[in-house]
Amino acid sequence: MTARYVAGRIGQAVVVLWAAYTVTFVVLYLLPSDPVSILVDTAGGAKGAASAAQVAAIKAEYGFDRPVPVQYVTMLGAALTGDLGRSVSLGTPVSTLLEENLPSTLALAVVAIAITVVAGLVLAFVATYVRRPWLRTLLERVPALGVSFPTFFIGLLLLQVFSFNLRLFPATGSQGLSSLALPAVTMAIPAAGMLAQVLVRGLSDTLGEAYVTTAHAKGLHRLVVHGKHALRNAALPALTILGVLVGSAVTASIVAETIFSRAGLGRLTQQAVLAQDIPLVMGIVVVAAAAFVLVNLVVDLIYPLLDPRVVVSRLAVRAA
Amino acid sequence: MSFEQSHAPSRRSFLGLTAAGSLAVLLSSCAVDPKTLEADPAAGTATSAAIVEGGTLRLAFTSDVYGNLDPNQNFWIESRSINRNLVDSLTDQDPKTGEIVPWLATKWEVAPDAKSYTFDLRDDVTFSDGTKFDATAVKTALDGIKALGAKASLGATYISGYAGTTVLSPTRVRVDFSTPNAAFLQATATTTLGILSPASYSKTPEARAKGDYVGSGPFTLTEYVQQQSIKLAKRADYAWGSGINANTGAAHIDALEVTFIPEEGVLTGSLTSGQIDVAWPRTPLSEAAQTSVKAAGATVLSAVLPGLTYNIIPNVNGILGDPAVRQALQKALDRAEWASTVFYDGYPVAKSVIDSTTPQWADNSSLLEHDPTGAKALLDQAGWVAGSDGTRSKDGKPLSLTLVVGGPWAGWDLVQSQLGEVGITLVQRVVTPAEFTTASNSGDFDLTATYFTRGDADILRTYYDQSVVKPGTGPGAYNQEPQTAAQLTTLFAQEISETDPVKRKAVFADIQKILISSGALFPLQDRVQTAATAATVHDLKFTLESFLRLNDVWISK
């Protein structure tokens, strides 16, 4: 039963990946330009001396001269065998670019998510645990603040204080742990805010349930009731949000990597999209979609462990 | 594909303009303003006694567009700035006067028909892989640039009409063209025609783009990670810098480390907090940024980039086909307000369609005066009547122009309001860079904008000669009415075959005047390269084309 479920979910994952790949391909080909024209175009519009024949030669080199359906089938076929093609704007194989940029973004995402989870959890826990109404209200408002600030603003603020004034962390670069701190916190603040918001809501609801009252009546310590009984149930919606946050880490990293001049998939994505670099955008989409699919699969598999009421069959329906 | 029309050979008879001769002529003729190299006189002008040897200069650019480090292929300021320190050129161009001076070539002769150039070469130059620089290396390089085809989109315009190179002796070489190319001498001073070692040309263009080549410059490339970092190390045995440099030998600094910081605030913050030594932004540092870096003891250097000014370019196949509308637009622009508002007080105001540091520049400020009353009168006469809300129309057709731009910018809002004052409605169509290329090349605009850096006015021919730029290849194919286009094509044919700098400059004076008075271009601003340097950095220099030059730079402790 479970094996069949997992196989089904993997099948779905493959379909999602294929769909993401195809939709991206269609969108990129609907755009009114092509990467080679952009490449040979010197700033401001003069084609220089690039003759039509010379431009055609470069297009043929990348296979852009063939009919679009043929290009699609060829690209998809090559991608299935692990060949993601060569970036038009950078001239480098896409797989090399991904290898160069993925570790840095992955490190950033892992640290940012770790901070998100810890900060979100602590904040939500404390906000619902304290008894003074004014403090409780204040703490419950904090996550909204984190969500409301634009990432861009948070990043520049952190830079100004912790790099330019206090000089504790480097402003730019991707070398070492210290360069991770500020961008990771920048990414984590809105994410933690979002997570805490959902968690606060979940905890508040759960704490009003009858089984919590029962637990209190049994004489259990408040901390145990709060942290074990209530949190476990309240965590379910938060887990879904966390899955989304992890999955969208690549998107979130675009802003952080730009502000902190870090190498990574985020910056690469921005560059690739602007240059309409079809092979590179496709490669990044595959990676980002794979991350999303994988994380959601993991979340779905964790669900039943947290809440025995959730059964696999129901999940299958939900996921479909 | 041929870009020049064939035409009558040069009318002049004198043969073989030598280097010395051309210098004298240029010196007497150049009215180029000396470049403002130092905005703050405190820095620079150091005495050689104080120079400190050693150290690593940490510099940050805005971005590494296209991540291409091959001088023969790239055309962005940042990569050309790095290239200038890795590769040498046959000649150099004096930043103060625009004159062409010896470098790898000691002297040269230009045939009177501008179709043949003979260079005498230095005999003491080696590439960093140990290979000797000689006539064969020059031939291999020029043939290699030709072979790049469309991948050398800029270089191809510099060698347009290239027929071949003949090795006359190890130190003498002749370059021949099938059509006149009077701009080639200046082209030999650029990084674009920088000479790589012969072995470099056996590598693929993609490998060269990633830095897999060797030059004879004062630095060698030690690391290049696209869009992340560039590292250069000095060549201890370098001894053939051009006479423009105070230091013609090995560089004072040991190494250069380059990073890329896209945000201006982060760039200047990194400088003031001591994390970098030089901030080299793509667009001029804002007034606020300049104030903040100066407060921290840094110096702001600036230089006007030669080449095309930032020009608004019309499409005469729409409403702008009415000459009165173009004239009115020319008068409606307040360029002084533009310079001080969009940039800062003291920012150079455009006086022609090429920047003031271009050797063939002519002051056309009398044709570019702000005259809203005159603009309104012209529109009234042409039948564009103002309605109750101030906007104009003719036979029910509103006077509304679409400006296609590659990104939002406060500057366009100012243009919008300046044109609005005389009753012209400007609609901004902001598109992605990818769409911008298509729209501007296919003429899908009423107005768009162009610019390009080159230390010779021939860049006007590259962009606006309609015998060169055809529909589909650039906005210059749509900005002239047929009689103007014919007139300009004749003049461009004259300048490209004119080897006398004085006469050539006179032809360019006519070209500039016609481009402005016919309303084929609406200059907005001179373009400025700024660089902020920490207090410890001395003698950072710009080339004539305002690229980075490290020969003289040194770092105090």
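As the structure is a prediction and not an experimental result, all values here were calculated from the model.
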I need the residue from G406(B), A207(B), G67(B), S270(B) with the largest number of non-hydrogen atom pairs under 4.5 Å to chain A. S270(B)
Spacing of I276(B) atom CD1 and T172(A) atom OG1 [to the nearest 0.5 Å]: 7.5 Å
Under 4.5 Å from any heavy atom of chain A - which part of T272(B): backbone
Minimum-distance pair of heavy atoms, taken over all atoms of T258(A) and P262(B): O-CG, 3.3 Å
What's the spacing between E100(A) CD and Q228(B) CD if we round to 0.5 Å? 6.5 Å
How close do V266(B) and L156(A) get, counting heavy atoms only, and between which atoms? CG2-CD2, 3.9 Å
side-chain contact (heavy atoms from CB on, under 4.5 Å) assessment of T92(A) paired with E206(B): CA-CA 8 Å; T92(A) 312; E206(B) 288 69 35; over 6 Å; no
Look at atom CZ of F162(A) and say whether more than 12 heavy atoms of other residues, nucleotides or ligands are closer to it than 6.0 Å. no
Heaviest contributor of heavy-atom pairs below 4.5 Å to chain B, chosen from R267(A), R167(A), R262(A), is R167(A)
The reported gap from CZ in F164(A) to CG in L271(B) (rounded to nearest 0.5 angstrom) is 10.0 Å
Is it the side chain or the backbone of Q271(A) that comes within 4.5 Å of chain B heavy atoms, both, or neither? side chain
L80(A) atom CG: more than 12 heavy-atom contacts under 6.0 Å: yes
Per-residue contact mode, Q226(B) against chain A (heavy atom under 4.5 angstrom): side chain
About how many Å separate CG of L159(A) and OG of S273(B), when rounded to the nearest 0.5 Å? 9.0 Å
When rounded to the nearest 0.5 angstrom, what distance separates CG in L90(A) from CG in D64(B)? 8.0 Å
Which bit of E257(A) is near chain B, if near means a heavy-atom gap under 4.5 Å: side chain, backbone, both or neither? neither
Do other residues, nucleotides or ligands put more than 12 heavy atoms under 6.0 Å from the CZ atom of F64(A)? yes
Could you walk me through whether Q275(B) and S163(A) pass side-chain hydrogen bond (donor to acceptor under 3.5 Å, both in side chains), step by step? CA-CA 9 Å; Q275(B) 301 179 45; S163(A) 181; 2.8 Å; yes
Name the option with the most non-hydrogen atom pairs under 4.5 Å to chain A; the candidates are G155(B), G269(B), G265(B), A60(B). G269(B)
